[in-house]
Number of protein chains: 2
Amino acid sequence: MPKTTRLKSQEVSLRFRLSDEREKELLDTAAEVFFEYGYSAASVGEMANRAKASKGTYYSRYPSKKLLFAAMIRARTDQVYEPLAELLRTTSTLENALQSFGMHVLEVSLTADSVSLVRILYMEAKNSPEIGRMFKQHGYGRLEAVLVKYLRQKIRDGHLQIEHVTIAAEQLVDALMGEPMRRMVLSLGQLPTKREKEIRVRNAVRMFLAAYGEK
Amino acid sequence: MPKTTRLKSQEVSLRFRLSDEREKELLDTAAEVFFEYGYSAASVGEMANRAKASKGTYYSRYPSKKLLFAAMIRARTDQVYEPLAELLRTTSTLENALQSFGMHVLEVSLTADSVSLVRILYMEAKNSPEIGRMFKQHGYGRLEAVLVKYLRQKIRDGHLQIEHVTIAAEQLVDALMGEPMRRMVLSLGQLPTKREKEIRVRNAVRMFLAAYGEK
DNA sequence: CCAGTGTAGTACTGTGCGGTACGATACGGT
DNA sequence: ACCGTATCGTACCGCACAGTACTACACTGG
């Protein structure tokens, strides 16, 4: 904030050519430390050490630990959930489309990084509801949106009959990844095997189509 | 734990008549503070103040903050999930049984307390996998177990056809409470209304029966 | 080669916490 | 009435951290 002000007051600045890269490094390191210790126990000094930076550098770019955290969350959320925007462009069967959508969702959602992200978001959303809102909006809300849009199309085409589309979409996604995600978040085991993912996806999709598909 | 040992070694002790109550108070206050601030940011001093106790009292009963936390988690987990043991004793229709099971699960899982519990568990399980295991074992694992047992019975009776019973059970429960729980944990809104609960339960159960029920 | 700017490194301040120690007190059992 | 024990209240220690300040260096553009 003070920095921004200063930049503005000098109008044009030529200082930040490599700075984008460096900013990414700084935020990645911050994420690493935040994810490892949790918000409160994470120390900005530790981040500085790992990033071979100094606390001053962090504090010159982000006026407080809290705002550093927010910036990090925003960057990571975009990073993890952006790839989902393109899903379901497919033109194949309904079943195949949902099947491959499911696999993609599991693939992208069950990485160590996104698990850490989810974990810390769940915790910090308690006292910062805007964090929760941000995650809904830029995070898993995207996933839901793309699925709902697809489902509505298929309803118009007469291939599906769903009364509460949003709820149905949420329930499909939850059936897909609820337990695997919980297992990861609770440190109860390794990532599911490809085989387990397939079984889960197939069962969820079948259940969904049995209830809402044309017959 | 040390207390228990001491009791045992002296065989019969007459010291702790009121102590059970007091222990509950101490752990409840600890939970309050832990839930409010998160593990790291919670202070034992604050707990002592709120409980009109002294830090010494806490430290005489629990040798460290971490073990206090563990004791608290254990107590809360039992407290929240014990009532689930009796579920599904019902003798009514399959659909009605699942329906009422679903409503009970939502009822018991979506209280402010159990949401706080889940939240902090998700966070702390990262570096203490035994916390995660404890929660699985004494917590939502009970829920799963009772459902699986019931489903197996109904499979034997020929009312259900399920290949992967455990996965099916998990997916049913996730479809039931995934989104409402997430909304609570992310501080995205109020508890679902009775009407929303009913819709979610009905849709989940229908989906489940459409896939696995006799037809 | 120089001026300007960002930053690593480090030292410092203030604060708050985990954990300990201890005196005063209340109370139940003999 | 006396003893033993648990606890309260409080003061204390050591430490770690957020945030600040300053110095020395490195780079970049002219």
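Quick note on labels: first sequence line is chain A, next is B, and so on, each numbered from 1.
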Problem set entry | Nucleotide-resolved protein contact map, nucleotides 18-25 of chain C, B/S/- at heavy-atom distance under 4.0 Å | BBB-----

For this session: Determine which bases of DNA chain D form Watson-Crick or G-U wobble pairs with both distances under 3.5 Å, and write the result as a 5' to 3' dot-bracket string with | for other-strand partners.
Result: ||||||||||||||||||||||||||||||

Problem set entry | Interatomic distance, B:Asn49 CG vs D:dG9 P [rounded to whole Å] | 9 Å

Seminar exercise, completed: Whole-Å distance, A:Leu67 CG to D:dA18 C1', equals 14 Å

Exercise. Around atom CD of B:Glu130, are there more than 12 heavy atoms of other residues, nucleotides or ligands at under 6.0 Å?
Worked result: yes

Exercise. Could you state the CZ-C1' distance from B:Phe34 to C:dC17, rounded to the nearest angstrom?
Worked result: 13 Å

For this session: Would you kindly give the OH-to-C1' distance between B:Tyr37 and C:dG16, to the nearest whole Å?
Result: 13 Å

For this session: Check the surroundings of atom CZ in B:Arg50: do more than 12 heavy atoms from other residues, nucleotides or ligands lie under 6.0 Å from it?
Result: yes

Exercise. Considering only heavy atoms from C-beta outward, does the side chain of B:Tyr212 approach that of A:Met207 to under 4.5 Å?
Worked result: yes

Problem set entry | Side chains of A:Ile73 and A:Glu124 in contact at under 4.5 Å (non-hydrogen atoms) | no

Seminar exercise, completed: A:Glu46 atom CD is separated from C:dA8 atom P, nearest whole Å, by 16 Å

Exercise. Base, sugar-phosphate, or nothing: which does A:Ala48 touch, judged by heavy atoms less than 4.0 Å apart?
Worked result: nothing

Problem set entry | Pairs involving residues 114-145 of chain A, ordered by first then second residue, that meet ring-ring contact (aromatic ring centres under 6.0 Å, His included) (sequence neighbours left out) | A:Tyr81-A:Phe135, A:Tyr122-B:Tyr122, A:Phe135-A:Tyr140

For this session: Please report the closest heavy-atom contact between B:Met123 and A:Gly38, naming both atoms and the distance.
Result: CE-CA, 3.4 Å

Exercise. Quick one: is A:Arg22 getting a side-chain N or O under 4.0 Å of the D:dC27 phosphate, OP1 or OP2?
Worked result: no

For this session: Rounded off to whole Å, could you give me the OH-to-P distance for the A:Tyr62 and C:dT7 pair?
Result: 11 Å

Exercise. Of all the choices, D:dC8, C:dA8, D:dT7, which nucleotide is nearest to the side chain of B:Arg61 once you look at every atom?
Worked result: D:dT7

Exercise. Is the closest basic N to carboxylate O distance between B:Arg202 and A:Glu163 below 4.0 Å?
Worked result: no

Exercise. Is it true that the NZ or CZ of A:Lys65 lies under 6.0 Å from the centre of A:Tyr58's six-membered ring and within 45 degrees of the ring axis?
Worked result: no

For this session: Please report, rounded to the nearest Å, how far the C1' atom of D:dC8 is from the CZ atom of B:Arg50.
Result: 19 Å

Exercise. Do A:Gln137 and A:Met134 have side chains that get closer than 4.5 Å, going by heavy atoms?
Worked result: no

Exercise. Please give, in whole Å, the distance from D:dG19 C1' to A:Phe69 CZ?
Worked result: 19 Å

